[in-house]
Amino acid sequence: MNRVIVLYATREGHTIRIAEHLAAELRLQGIEADVFDVAGTYLPPDLSVYSGAVVAASIHVAKHEAEMTSFVVHHRDELQRIPTTVFLSVSLTEAQAENAKMPPNQRERARAEACGWIDQFVRHTGWKPSRTQAVAGALQYSKYGWIKRYFVKKVVGQKGGDVDTSRDYDYTDWAALDLLAADMAGAVRVATSVPA
Ligand SMILES: Cc1cc2nc3c(=O)[nH]c(=O)nc-3n(C[C@H](O)[C@H](O)[C@H](O)COP(=O)(O)O)c2cc1C
């Protein structure tokens, strides 16, 4: 069946936007797509009905959401049976890695850090997705309380990032996500095609 589940965890809501965007793109490609919040009070989804899965989590204080790590550990075998799977790690560090205005050595360090968190997630959960991708996240100052705003501004400022707290910043490369959705739709169609 041409059906994909997009599982997400989020703290400030940007990863929901990424999950919904991917699902909408997959639907445009003729793939049925369900979006699922792993932190909700839920009956676990029946993963056996999907031929593709996206797992999207964001980084806070150098860690992915604990509820996503625990979901993947608990559902690892079901996830492993799905033919096409993608893990997306959303962070500001990846935004730095993609920022052409940053010095190359700083970008390389950021890329290594973002990849390190992905490796850590894969090692910790034991799940081997078909593809992994770091995704640049957002700075949503308007959503932070004053303590969080102060902390984030300080850390971001130390790394040469955007510190005007009167506005929000979206660093996600939405066009790259469209390409990812197209690749995934192709892979799902191949996986579910009946040989002639
Ligand atoms: C309190 C806080 C801590 C964060 N810590 C990190 C971090 O350690 N490394 C990083 O790259 N990004 C960090 N970020 C940036 C988030 O990963 C980014 O804002 C992401 O878009 C959040 O996604 P969400 O809205 O789905 O939770 C942090 C953001 C906040 C608000």
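In listed order, ligands and their atoms are each counted from 1.
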Do any heavy atoms of [X] fall under 4.0 Å from ligand 1?
X: Y8; result: no
X: I59; result: yes
X: Q140; result: yes

Review point. Y50 and side chain to side chain donor-acceptor pair (under 3.5 Å): which partner among T85, N2, D34?
Key: D34

Taking all non-hydrogen atoms of both residues, which atom of [X] and which atom of [Y] are closest, and how far apart?
X: A185; Y: L26; answer: N-CD2, 4.1 Å
X: E65; Y: T10; answer: OE2-CA, 3.3 Å
X: W127; Y: V122; answer: O-CG1, 3.4 Å

Indicate yes or no: does an N/O atom of [X] lie under 3.5 Å from an N/O atom of ligand 1?
X: A62; answer: yes
X: E65; answer: no
X: G13; answer: yes
X: H14; answer: yes

Check your understanding: Can any side-chain N or O of R149 pair as donor or acceptor with the backbone N or O of Y144 at less than 3.5 Å?
Key -> yes

For [atom], what's the nearest protein heavy-atom neighbour? Residue, atom name and distance, please.
atom: atom 27 (O) of ligand 1; value: R11 N, 2.7 Å
atom: atom 30 (C) of ligand 1; value: H60 CD2, 3.4 Å
atom: atom 1 (C) of ligand 1; value: K148 CG, 3.8 Å

For [X], atoms of ligand 1 separated by under 4.0 Å from a heavy atom:
X: T10; answer: 24 (P), 25 (O), 26 (O), 27 (O)
X: G137; answer: 21 (O)
X: V90; answer: 17 (O), 21 (O)
X: T93; answer: 9 (N), 10 (C), 11 (O)

Where on [X] is there a heavy atom closer than 4.0 Å to ligand 1, on the side chain, on the backbone, on both, or on neither?
X: W117; value: side chain
X: V152; value: side chain
X: S58; value: side chain

Point to revise | N-O pairing of E98 and R107 below 4.0 Å | key: no

Exercise for review: Please determine if D170 and R17 form a salt bridge, counting it only when a charged side-chain N lies under 4.0 Å from a carboxylate O.
Suggested key: yes

Review point. For atom 6 (C) of ligand 1, which of V155, L92, V61, I147 has the closest heavy atom?
Key: V61

Review point. Taking atom 21 (O) of ligand 1 as the point of reference, which of A138, A110, A57 owns the nearest heavy atom?
Key: A138

Review point. Would F87 and F121 count as a ring-ring contact (aromatic ring centres under 6.0 Å, His included) if you check the C-alpha gap in whole Å, the side-chain angles of each, and the deciding distance to 0.1 Å?
Key: CA-CA 9 Å; F87 175 57; F121 184 87; 4.1 Å; yes

Point to revise | L28 with L22, same ILVMFWY side-chain cluster at under 4.5 Å | key: no

Is there a donor in the side chain of [X] and an acceptor in the side chain of [Y], or the other way round, less than 3.5 Å apart?
X: H14; Y: T172; result: yes
X: H64; Y: Q120; result: no
X: R131; Y: Q133; result: yes

